[in-house]
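Right, one structure below, let's go through it.
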Amino acid sequence: RILGRITSPTEGRIEGWGRIFPMLEVGASFHPEFTARENVFFNAAMFGVPREEVRRKFDQIIEFSGIGDRIDDKVRDMSTGTYIRLAFSLAVNMRPDLLLADEVLAVGDAEFQEACLQRIRQEKERGMSVLFVSHDMAAVASICDRVVWIDNGIIRKVGPPDEVIASYEHDLWQGKSGQVGDPARTSRPVNVIAARTLGKAGREVSSITQENEIHIELIFAMHCPGAVVTPGVDVFTSKTQLMSMWAEKPVRLTAPGVYSAMIKVPPWMFTARKFDYRVSLRAAPSEGDPYVDELDTKLRFRVHGIDRPDPDGKQQKRARAGYIAPQLDWRMRTESSPSVTQKHAVGL
């Protein structure tokens, strides 16, 4: 608000050069009794944009906003989303030197949000600077070259988007990355008491990048002598189960105690998304019927995408749809000639 010249600083000063356009509460400066057309000129004048410049760019402002023939309707008769689109269109088409954007993409439909992101990226390439404040990590990663993580007024971290976002989400989901059950629950001979997500170095994590392996550890207690156990993990996204990873062979244990079972998921298995998982244990005690014990709550981890080098050394983003995207070996050969001697096999 101080940068946007809405609030005066209690002490010190801020020096700025060029045109600064604040979008701290999009559409807040629109007067409900004015038409959309009148509000365009009114808002532009508030930020020192000459009337003639607004006239020259008026058609492209209206076209981008998608407001169409409602330009002469009063703002009070429009939905919030409609005049917010108009306010954003006015801001980016005035070609500011600095755009102050605070949660401006929290409204509007997905198509308009993507159009806004694309337009901001285009204006950045032309030289516009952007100060973007948001809790939408996907938008932050798409727009920003440098990120500041602020927690209750305290700067926690400053750096590249991937690094700061990973730290932020790790902290946000720290409490969801592991769950401890009740070790005293002995109604069953064998029961799961804990699970956690580990990185390559054995440190508990809640987010990883695609090129790193991830370990899921299941901790269980056996209260009686002798049982055959088979650990497993089911992976979900939303309410859909994606995969089930169970041990190939059961293991026979003899002595009571606390045991740990761990599975390693190789790199490049998942796309860049959030995933939930639930650990389970099939148990066949020496006495009694077999059963499955599991933690009641699903746990979570986040996978972050990265640029992967191509064989020519160039970096290329490989955005993948879906959820599971393992890197598999392929065999290639030519079938151009029936002669076996002319066929070639290529391993990728």
Side-chain angles (χ1 to χ4, degrees), residues 1-34 36-58 60-62 64-65 67 75 78 80-108 112-113 115-137 139-156 158 161 164:
R1 294 175 68 88
I2 295 174
L3 289 172
R5 294 164 294 174
I6 296 170
T7 300
S8 297
T10 52
E11 60 182 50
R13 65 177 183 175
I14 293 177
E15 296 183 357
W17 291 266
R19 179 179 293 172
I20 300 175
F21 216 109
M23 298 180 65
L24 307 184
E25 188 175 345
V26 183
S29 56
F30 273 41
H31 197 293
E33 296 299 324
F34 291 176
R37 182 190 303 272
E38 291 168 336
N39 268 294
V40 167
F41 285 93
F42 174 68
N43 273 261
M46 286 177 58
F47 298 108
V49 180
R51 189 176 185 85
E52 186 57 37
E53 183 178 347
V54 180
R55 285 199 182 99
R56 289 198 310 270
K57 298 178 179 178
F58 190 79
Q60 64 190 60
I61 293 171
I62 302 307
F64 184 81
S65 69
I67 198 172
V75 164
M78 297 179 178
T80 303
T82 299
Y83 70 76
I84 282 176
R85 289 199 301 270
L86 182 62
F88 183 87
S89 181
L90 170 64
V92 295
N93 280 289
M94 289 300 99
R95 297 286 178 85
D97 298 291
L98 173 60
L99 177 66
L100 305 176
D102 186 359
E103 295 287 10
V104 294
L105 300 182
V107 294
F112 182 73
Q113 289 180 10
C116 292
L117 289 171
Q118 180 63 27
R119 188 57 182 270
I120 289 176
R121 288 192 290 264
Q122 291 174 355
E123 295 302 321
K124 275 182 58 186
E125 292 176 359
R126 294 191 179 102
M128 180 182 73
S129 296
V130 182
L131 178 58
F132 186 70
V133 182
S134 180
H135 291 89
D136 184 344
M137 295 299 102
V140 170
S142 174
I143 292 175
C144 300
D145 305 302
R146 190 169 178 80
V147 175
V148 181
W149 170 18
I150 301 176
D151 184 6
N152 289 322
I154 299 173
I155 295 178
R156 293 280 298 275
V158 181
V164 178

Straight-line distance of Ile20 CD1 to Leu131 CG, nearest 0.5 Å: 10.5 Å
With heavy-atom distances below 4.5 Å as the criterion, would you say the side chains of Ile61 and Leu86 are in contact? yes
So with a 6.0 Å cut-off around CZ of Arg13, is the heavy-atom count from everything else above 12? no
To check you understand the geometry: which heavy-atom pair defines the closest contact between Pro161 and Val147, and what is its length? CA-CG2, 3.6 Å
Using modelled atom types only, decide if a donor and an acceptor are shared between the side chain of Arg19 and the backbone of Met94 within a distance under 3.5 Å. yes
Starting at CZ of Phe34, measure out to CG of Asn43 and round the result to the nearest 0.5 Å. 10.0 Å
Determine the minimum heavy-atom distance between Ala91 and Pro96, stating which atoms define it. O-CD, 3.3 Å
Report yes if the side chains of Val75 and His31 come closer than 4.5 Å at any heavy-atom pair, otherwise no. no
Just so I know, are the side chains of Trp17 and Asp97 near enough to count as touching, which here means a heavy-atom distance under 4.5 Å? no
Distance col, row Met46:CE vs Phe21:CZ, nearest 0.5 angstrom, shows 8.5 Å
Could you pull out the closest heavy-atom pair between Ser89 and Ser65, with the gap in Å? OG-N, 3.7 Å
Can you check whether Leu100 reaches Leu98 side chain to side chain, under 4.5 Å on heavy atoms? yes
With rounding to the nearest 0.5 Å, note down the distance linking CD1 in Ile62 to CD in Gln60. 10.5 Å
Tell me, do Phe132 and Val140 make a side-chain contact under 4.5 Å, heavy atoms counted? yes
Any carboxylate oxygen within less than 4.0 angstrom of a Lys/Arg side-chain nitrogen, looking at Glu125 and Arg121? no
Is a side-chain donor or acceptor of Lys124 paired with a backbone partner of Val130 at a separation under 3.5 angstrom? no
Would you say Ile155 has more than 12 foreign heavy atoms packed within less than 6.0 Å of its CD1? no
Here's a test for you: under side-chain hydrogen bond (donor to acceptor under 3.5 Å, both in side chains), which of Arg119, Lys57, Glu53 qualifies with Asn93? Arg119
